[in-house]
Protein chains: 2
Amino acid sequence: MTSTADTAPARRVPRPRADALRNRERIVTTAREMFVEFGSQVPYDEIARRAGVGNATLYRNFPERADLVHEVVLSLMARVTELAERAAEEEDDTFAALRRFSHGAADERVGALCPMLDGAFDKDHPDLIAERERLEEAVQGLVDRAQRAGRLRTDVGVGDLMVALSQLTRPLPGSGCGAFDQFVHRHLQLFLDGLETPARSELPGKAATLEDLRRDSCAPPTS
Amino acid sequence: MTSTADTAPARRVPRPRADALRNRERIVTTAREMFVEFGSQVPYDEIARRAGVGNATLYRNFPERADLVHEVVLSLMARVTELAERAAEEEDDTFAALRRFSHGAADERVGALCPMLDGAFDKDHPDLIAERERLEEAVQGLVDRAQRAGRLRTDVGVGDLMVALSQLTRPLPGSGCGAFDQFVHRHLQLFLDGLETPARSELPGKAATLEDLRRDSCAPPTS
DNA sequence: GTTAAACGGGGACACCGTCCCCGGTTATTT
DNA sequence: AAATAACCGGGGACGGTGTCCCCGTTTAAC
């Protein structure tokens with residue numbers, strides 16, 4: 001299937017084995033789920049077990065935990081960005097686009113992005129900056145459109161949406177069961193209802209941009 | 001052992017030392033904060049350090065971790081219950097009462113109740129059941145009143161409110177900083193706006209009672 | 001069929017949280 | 001104010017757990 005135009009260089013065969021690729025994919029997927037559920041400090045061996053691979057495979061693919069976190073965050077951001085872009089493209093109603101994006105992001109467990117905030121990996125990696133800019137642009141576009149159309153209250157920002165989205169979609173710790181998944185979309189829907197115009201109350205504080213999040217989230221906890 | 005009945009009129013020393021009581025109080029308060037921030041598995045020594053007491057004092061007061069969790073949950077539930085009762089009593093506007101309670105509960109970090117769900121302590125303790133009934137009654141009263149007054153949409157239940165409240169007020173893992181505190185009340189306010197009548201959208205699923213929560217949240221994750 | 005990369009499990013090492021012991025301190029009693 | 005006993009707090013040993021490597025086996029690729 002992968003008919004990549006590799007005119008074999010004289011050096012070595014650049015083809016990784018098929019099962020190796022499959023395992024790597026399984027690991028990233030599993031890690032994303034477990035990061036959301038238990039945080040990015042979840043034991044390596046647990047990830048390996050749930051992914052159905054040996055722990056050595058995990059260590060071979062991601063010698064540093066930061067590598068794995070990086071990969072997970074990157075893949076998730078890409079998926080969420082695509083969600084935002086497609087929602088903007090395919091929905092005429094600006095607020096419906098926002099709803100669609102939000103529910104989609106919830107399904108993707110966008111809460112997994114919170115390891116971005118605990119300094120356990122390189123926030124300034126080029127890949128990450130690039131992907132982040134795409135994401136910001138896409139979501140900011142959704143917000144702007146809805147606000148310009150007078151459907152979304154103007155006292156909220158992208159940061160508000162993303163943080164609330166993360167919070168509402170996080171599973172309760174310990175309970176591995178999906179019992180709360182049924183609530184996630186209910187509560188998200190209620191939150192979105194609150195975002196719609198006309199505004200029903202005055203909000204404390206000020207609208208949060210993604211810039212605000214990055215800046216404020218780096219305070220050392222104890223020092 | 002100590003002389004029992006002949007010298008002292010009271011058989012037991014009726015007075016624990018003043019600083020002992022003070023320390024115990026400090027411990028519970030600190031533990032509540034740290035449970036919210038890091039979960040109920042936070043190291044004992046850390047709690048002691050932040051509370052400004054020696055670790056031995058902590059172990060002397062709460063030999064089992066379950067004892068400490070029990071105490072924290074109980075005190076938190078009591079405070080939240082009181083919030084609900086006072087809100088119902090002092091606010092004429094039914095929806096304003098709901099708002100006041102919700103923001104108060106957010107300040108109390110009601111998200112700390114989620115350790116209730118990881119089986120790390122006795123859910124069936126008499127004290128706990130009693131306090132839980134008081135809490136349910138109080139909050140249910142707020143909800144009923146607002147719904148009967150036509151201010152609160154009727155497709156939501158107490159469970160929806162409590163779960164969303166917990167989710168929105170949970171601090172992000174790792175980031176010990178309170179940078180997100182400023183967002184909590186904003187997002188809660190937005191959520192509450194979504195709860196008000198008239199309903200702006202149709203919710204998926206069905207209204208959640210507290211009964212639903214208790215039943216669904218006890219599935220063993222992996223064992 | 002041959003080759004070598006990839007796999008998976010077992011186990012040693014190191015780190016961290018738990019828990020106890022004991023000298024010093026502080027509140028209470030006369 | 002001095003005596004007394006309970007309480008406090010830090011240091012350190014023990015045990016558990018996560019990390020990481022080694023090696024025999026499997027499996028995809030040629």
Side-chain angles (χ1 to χ4, degrees), chain A residues 1-4 6 8-28 30-31 34-35 37-69 120-121 174 221-222, chain B residues 1-4 7-28 30-31 34-35 37-69 115 118 120-121 173-174 221-223:
Chain A
M1 198 61 184
T2 52
S3 57
T4 315
D6 50 340
R11 297 291 280 174
R12 282 164 20 89
V13 46
R15 189 181 311 180
R17 268 167 52 165
D19 55 343
L21 289 175
R22 205 168 42 237
N23 278 334
R24 190 184 168 93
E25 196 60 34
R26 285 176 63 87
I27 288 172
V28 173
T30 305
M34 299 191 75
F35 283 177
E37 197 164 346
F38 306 106
S40 62
Q41 295 305 318
V42 66
Y44 252 36
D45 285 28
E46 284 298 313
I47 301 176
R49 200 172 57 82
R50 194 187 280 202
V53 301
N55 55 10
T57 303
L58 184 48
Y59 280 98
R60 220 175 293 119
N61 277 280
F62 304 98
E64 303 283 336
R65 183 175 287 268
D67 300 336
L68 180 57
V69 176
F121 81 125
T222 55
Chain B
M1 285 295 180
T2 56
S3 61
T4 53
T7 53
R11 285 203 284 275
R12 302 179 307 120
V13 181
R15 189 178 319 183
R17 267 168 52 167
D19 55 344
L21 289 175
R22 205 168 43 236
N23 279 335
R24 188 183 170 94
E25 196 58 35
R26 286 176 63 88
I27 287 172
V28 173
T30 304
M34 298 192 76
F35 284 176
E37 199 165 344
F38 306 106
S40 61
Q41 295 306 319
V42 65
Y44 253 38
D45 284 29
E46 285 297 313
I47 300 175
R49 200 173 56 82
R50 194 188 278 204
V53 302
N55 54 10
T57 303
L58 183 48
Y59 281 98
R60 222 174 292 121
N61 278 281
F62 304 98
E64 303 284 334
R65 182 175 288 267
D67 301 335
L68 181 56
V69 175
D118 64 3
F121 82 125
T222 53
S223 50

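This one's a predicted model, so the numbers in the text were calculated from it and none came from an experiment. Below, chain A is the first sequence line, B the second, and so on; all start at residue 1.
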Separation between [atom1] of [X] and [atom2] of [Y], rounded to the nearest 0.5 Å:
X: A:Glu46; Y: A:Met34; atom1: CD; atom2: CE; result: 5.5 Å
X: B:Arg65; Y: B:Ile47; atom1: CZ; atom2: CD1; result: 5.5 Å
X: B:Leu68; Y: B:Tyr59; atom1: CG; atom2: OH; result: 10.5 Å
X: A:Thr57; Y: A:Phe62; atom1: OG1; atom2: CZ; result: 11.0 Å
X: B:Asn61; Y: B:Arg26; atom1: CG; atom2: CZ; result: 13.0 Å
X: A:Glu25; Y: A:Thr30; atom1: CD; atom2: OG1; result: 10.0 Å

To the nearest angstrom, how far is [X] atom [atom1] from [N] atom [atom2]?
X: A:Asn61; N: C:dA6; atom1: CG; atom2: C1'; answer: 10 Å
X: A:Ile27; N: C:dA6; atom1: CD1; atom2: P; answer: 13 Å
X: B:Met34; N: C:dG17; atom1: CE; atom2: C1'; answer: 13 Å
X: A:Glu46; N: D:dT17; atom1: CD; atom2: P; answer: 11 Å
X: A:Arg49; N: D:dT19; atom1: CZ; atom2: P; answer: 14 Å
X: A:Arg24; N: C:dC7; atom1: CZ; atom2: C1'; answer: 16 Å
X: B:Ile47; N: C:dT18; atom1: CD1; atom2: C1'; answer: 12 Å
X: A:Arg26; N: C:dA6; atom1: CZ; atom2: C1'; answer: 16 Å

Readout for nucleotides 20-25 of chain D: B = base within 4.0 Å of protein heavy atom, S = sugar-phosphate only, - = neither; 5' to 3' it is BBB---
What closest approach, in Å, do A:Ser40 and A:Val69 show between heavy atoms, and which atom pair accounts for it?
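That closest heavy-atom pairing would be CB-CG2, 4.3 Å.
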- Query: If you find the nucleotide of DNA chain C closest to B:Ala18 and the one closest to B:Pro43, which residue's nucleotide is nearer the 5' end?
  - Reply: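 Here B:Pro43 is the residue nearer the 5' end.
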**Prompt:** The side chain of B:Asp19 lies closest to which of these nucleotides: D:dG18, D:dT27, C:dA27?
**Reply:**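 In terms of side-chain proximity for B:Asp19, the closest of D:dG18, D:dT27, C:dA27 is C:dA27.
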Derivation of the side-chain contact (heavy atoms from CB on, under 4.5 Å) call for A:Asn55 and A:Tyr44: CA-CA 7 Å; A:Asn55 55 10; A:Tyr44 252 36; over 6 Å; no
Is A:Thr57 near enough to C:dA6 that one of its side-chain N or O atoms lies under 4.0 angstrom from OP1 or OP2?
->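 Answer is no, no contact under 4.0 Å.
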Open item on the list: Can you tell me if A:Asn23 touches the phosphate of C:dA6, counting only side-chain N or O atoms and a distance under 4.0 Å to OP1 or OP2?
Closed with: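 The answer is no; no side-chain N or O of A:Asn23 sits under 4.0 Å from OP1 or OP2.
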Check: A:Arg17 side chain, D:dA29 base, donor-acceptor under 3.5 Å
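When only heavy-atom distances are counted, A:Arg17 does not reach the base of D:dA29 through any donor-acceptor pair under 3.5 Å.
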Checklist entry - Which angle, to the nearest 10 degrees, lies between the helix axes at the two ends of the helix from C:dG1-D:dC30 to C:dT30-D:dA1, each defined by five pairs? => result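 The helix from C:dG1-D:dC30 to C:dT30-D:dA1 shows an end-to-end axis angle of 40°.
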